Amino acid sequence: QVQLVESGGGLVQPGGPLRLSCAASGSIVAINAMRWYRQAPGKQGEFVAVVTSGSTTNYADSVKGRFTISRDNAKNTVYLQMNSLKPEETAVYYCNLRVRGYATIDYWGQGTQVTVSS
């Protein structure tokens, strides 16, 4: 079965960088688009970034120019490099795989907490 495990979260100063990782089972990263979402306390979850198997990327407007999503197929891992972090970006960050077939199935990791604070 699919397993996604996020890591790399923690406390960071405003303006600082942080790199998140999402380790996946099998060869998921190589053949599927992988996404990052985040959910702040009391807020709706929001899309952050996506990378396809062909390495095409797209980002939420709020993070363009500051965040970079990438993948390492050999390690079956997706990364999110976050720079110039803002306090309002404090949230739990989740890795996501969406599988479309007879039905659409979303797979999620457990999330990793990112806290941006002085």
Side-chain angles (χ1 to χ4, degrees):
Q1 65 175 347
V2 172
Q3 289 186 309
L4 304 172
V5 181
E6 301 96 333
S7 62
L11 176 64
V12 62
Q13 294 276 92
L18 204 63
R19 191 193 196 200
L20 307 182
S21 299
C22 173
S25 59
S27 298
I28 293 169
V29 172
I31 62 175
N32 292 104
M34 303 294 295
R35 296 169 175 84
W36 286 96
Y37 289 80
R38 65 189 178 191
Q39 187 169 32
K43 305 293 184 181
Q44 292 276 353
E46 64 175 336
F47 166 81
V48 176
V50 58
V51 60
T52 71
S53 61
S55 295
T56 298
T57 60
N58 196 22
Y59 300 89
D61 288 343
S62 62
V63 308
K64 285 181 179 176
R66 297 187 297 115
F67 289 14
T68 302
I69 187 171
S70 62
R71 59 176 170 81
D72 185 330
N73 291 341
K75 295 182 178 180
N76 213 25
T77 300
V78 179
Y79 304 96
L80 184 67
Q81 178 66 51
M82 306 184 292
N83 298 321
S84 302
L85 280 161
K86 305 172 181 179
E88 59 265 35
E89 293 176 312
T90 292
V92 179
Y93 284 68
Y94 296 94
C95 181
N96 166 260
L97 166 68
R98 177 164 291 170
V99 178
R100 294 183 172 89
Y102 179 80
T104 298
I105 303 173
D106 279 302
Y107 297 91
W108 300 90
Q110 83 289 344
T112 186
Q113 175 71 47
V114 173
T115 302
V116 186
S117 177
S118 298

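On a predicted model such as this, the values are computed, not experimentally measured, just so you know.
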Cluster check [X], [Y]: I/L/V/M/F/W/Y, side chain < 4.5 angstrom:
X      : Y      : answer
Leu4   : Tyr37  : no
Tyr107 : Val78  : yes
Leu20  : Val12  : yes
Tyr59  : Val116 : yes

Closest heavy-atom contact between [X] and [Y]?
X      : Y     : value
Gly9   : Leu18 : CA-CD2, 4.1 Å
Glu6   : Cys95 : OE2-N, 2.6 Å
Val114 : Met82 : CG2-CE, 3.9 Å
Pro87  : Pro14 : CG-CG, 4.0 Å
Pro17  : Asn83 : CB-OD1, 3.4 Å

To the nearest 0.5 Å, how far apart are [atom1] in [X] and [atom2] in [Y]?
X      : Y     : atom1 : atom2 : answer
Arg35  : Thr52 : CZ    : OG1   : 9.5 Å
Thr112 : Leu80 : OG1   : CG    : 11.0 Å
Ile69  : Asn58 : CD1   : CG    : 10.0 Å

Side-chain donor-acceptor pairs of residues 39-51 under 3.5 Å, sequence neighbours excluded:
| unit_1 | atom_1 | unit_2 | atom_2 | d |
| --- | --- | --- | --- | --- |
| Gln39 | NE2 | Lys43 | O | 3.1 |
| Glu46 | OE2 | Arg38 | NE | 2.7 |
| Glu46 | OE2 | Arg38 | NH2 | 3.2 |

Practice item. Just do the side-chain hydrogen bond (donor to acceptor under 3.5 Å, both in side chains) check on Arg71 and Ser55 with the steps written out, would you? Key: CA-CA 8 Å; Arg71 59 176 170 81; Ser55 295; 2.8 Å; yes
Are the side chains of [Y] and [X] in contact, using a 4.5 Å heavy-atom criterion?
X      : Y     : value
Gln1   : Ser25 : no
Asp106 : Asn96 : yes
Glu89  : Val63 : yes
Arg19  : Tyr79 : yes

**Study point:** Stepwise side-chain contact (heavy atoms from CB on, under 4.5 Å) test for Met34 and Ile28
**Key:** CA-CA 9 Å; Met34 303 294 295; Ile28 293 169; 3.8 Å; yes
Check your understanding: Do the rings of Trp108 and Tyr94 sit parallel, tilted or perpendicular, given the 30° and 60° boundaries?
Key ->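 Aromatic pair Trp108/Tyr94 classed perpendicular.
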Practice item. For the pair Gln113 and Leu11, evaluate side-chain contact (heavy atoms from CB on, under 4.5 Å) and give the outcome as yes or no after the intermediate values. Key: CA-CA 8 Å; Gln113 175 71 47; Leu11 176 64; over 6 Å; no
